[in-house]
Novice: 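Here it is, the structure, as structure tokens.
Since the model is a prediction, treat every value here as computed from it, not as a measurement. A, B, ... follow the sequence lines: proteins, then strands. Residue 1 opens every chain.
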Amino acid sequence: MPLNQGLERIFDNFLTGGNIFVNRDVLGHDYIPENLPHRDEQIQRLGSIVAPSLSGSKVSNAFIYGKTGTGKTAVAKYVLSRLEAKSRVVGSSLRVCYVNCRLAGTNYRVLADLCRSLSLEVPFTGIAVNELLKRYERRLESDRVAEVIALDEIDALIKRKEDDSLLYELTRLNETLVGSSISLIGVSNDLHFKEFLDARVVSCLSEEEVVFKPYSADELYDILSERAREAFVPGSLVDSSLRLCSALAAREHGDARRALDLLRVAGEVAERGGSKDVSEEHVRVAEHKIEHDRFTDALRFLPLHQKIILVSAFDLDKAYPEGSITGDIYQVYAELCNVVSLEPLTQRRISGLLNELDIMGLLNARVVSFGRHGRTKKIRLGVPASIIVEVLSTDDMIGQLFSYEPKRVSRRAA
DNA sequence: CCTCCACTGGAAACCTAGGCTC
DNA sequence: GAGCCTAGGTTTCCAGTGGAGG
């Protein structure tokens with residue numbers, strides 16, 4: 001059997017750690033380091049808020065804000081894990097639970113996570129939210145535990161509908177429990193999200209507030225150099241590259257996650273290129289690669305109908321680069337569906353899907369009024385057309401649509 | 001000032017696919 | 001098996017609307 005030498009080398013490289021990385025995971029999103037630079041103040045604050053739970057006392061609820069990549073999640077997880085470790089040492093009946101509300105998605109699944117944190121198995125679906133809440137409450141009381149709950153990206157739970165019933169129920173639970181207790185730590189990157197909440201929930205949740213400011217370029221540099229020491233082979237990282245990563249991320253509201261991504265991808269680029277160190281040039285390449293991958297990933301995993309909508313926006317973009325309108329998109333979309341013998345969705349639905357694509361940044365949709373000619377959305381591509389072709393033409397069904405010539409649409413958009 | 005276009009976007013109902021309880 | 005529940009995607013219906021043209 002012929003040996004694929006290139007592949008062999010990649011595997012070997014990986015086993016020996018290559019000449020760049022010692023431990024790439026250190027730069028990953030879910031890695032919580034031993035030390036969180038420039039967050040001592042917040043750690044102390046949060047620590048002193050939750051500390052009473054160790055002796056079974058009731059803990060104030062807290063609310064944490066800060067933009068993405070300011071270390072909220074890291075600090076929350078860090079403090080919770082230390083709290084849990086301490087409680088095991090002193091033998092208190094404390095539980096901690098971290099839930100990412102955006103990943104969980106619905107009230108039901110958040111509650112299901114809470115149940116699981118008390119080793120209470122619940123089905124994926126099938127029972128009423130109220131029933132779930134009752135079981136959770138019963139378990140809390142029977143085990144006489146004090147639970148500290150971090151609800152990360154708590155805004156994701158509210159934004160969709162004005163449904164803050166779960167938060168309301170939890171704050172109510174908080175007041176009525178006798179032998180046990182729960183305390184809530186809400187984490188959000190949206191400063192205005194409290195406006196969507198019931199006043200009682202707000203007052204209950206914001207007993208304490210901790211604010212996370214964006215990192216400065218220097219602070220990012222400290223964070224990166226600490227992680228880099230663990231992640232990279234000594235001497236394989238040029239200091240100016242580290243400076244560049246910090247500066248680029250600082251420009252984007254001091255986002256540490258972004259800085260770590262840049263550093264990790266730059267390392268990967270260098271490693272793949274067989275380079276022995278990570279240069280500024282690698283960081284520049286990484287910057288482009290991250291942007292490119294963001295689009296291609298989003299595109300690849302899009303549901304079928306959204307892909308077809310993008311193709312119709314792409315077709316119209318060729319003919320009218322100044323932008324098209326909902327009606328035109330829908331017309332072409334319906335034709336394309338016809339080509340692949342698919343039942344088109346309604347225009348109302350397409351209007352909604354266009355909004356979703358806009359939020360993802362794959363399209364730019366803006367409501368405009370053409371006076372006599374009505375009110376609609378003006379739509380342009382948010383992704384370079386080349387990327388759309390690159391990704392979607394690999395899909396068998398969608399690929400054939402690129403050669404389709406749309407009929408002339410009724411035009412009025414200027 | 002009034003009309004009226006081509007929609008927008010809210011609300012509610014419906015459907016499917018899962019699952020529980022009795 | 002009946003009668004509930006869930007999520008998530010969709011359809012149906014419709015009141016609301018910014019502003020060019022009359």
Novice: When you look at A/D293 and A/V265, which way does the side-chain contact (heavy atoms from CB on, under 4.5 Å) test go after all the steps?
Specialist: CA-CA 11 Å; A/D293 289 356; A/V265 176; over 6 Å; no
Novice: Please say whether the positively charged group of A/R243, taken as NZ for Lys or CZ for Arg, lies over the ring of A/Y221, i.e. under 6.0 angstrom from the six-membered ring centre and within 45 degrees of the axis.
Specialist: yes
Novice: Give a yes/no answer on whether the side chain of A/K377 brings an N or O atom under 4.0 Å of OP1 or OP2 in B/dT8.
Specialist: yes
Novice: Quick one: does any side-chain atom of A/E207 pair with a main-chain N or O of A/N61 as donor and acceptor, under 3.5 Å?
Specialist: yes
Novice: Between C/dT10 atom P and A/Y333 atom OH, what is the distance in whole Å?
Specialist: 8 Å
Novice: Roughly, in whole Å, what's the span from OH in A/Y330 to P in C/dT10?
Specialist: 12 Å
Novice: Students often get this wrong, so: under 4.0 angstrom with heavy atoms, is A/R366 touching a base, only sugar-phosphate, or nothing?
Specialist: nothing
Novice: Give each protein N/O atom lying under 3.5 Å from an N/O atom of nucleotides 1-5 of chain B, with the pair distance.
Specialist:
residue : atom : partner : partner atom : Å
B/dT3   : O2   : A/R372  : NH2          : 3.0
B/dC5   : O4'  : A/R372  : O            : 3.0
B/dC5   : O2   : A/G371  : O            : 3.0
B/dC5   : O2   : A/G374  : N            : 2.9

Novice: Measure CD1/A/I329 against C1'/B/dA6 and give the value in whole Å, please.
Specialist: 15 Å
Novice: Does the gap between the ring centers of A/F232 and A/F21 come in under 6.0 Å?
Specialist: yes
Novice: Contacts to DNA chain B from residues 343-353 of chain A, heavy-atom cutoff under 4.0 Å, which residues?
Specialist: A/Q347, A/R348, A/S351
Novice: With a 4.0 Å cut-off on heavy atoms, is A/S369 in touch with a base, just the backbone sugar-phosphate, or nothing at all?
Specialist: base
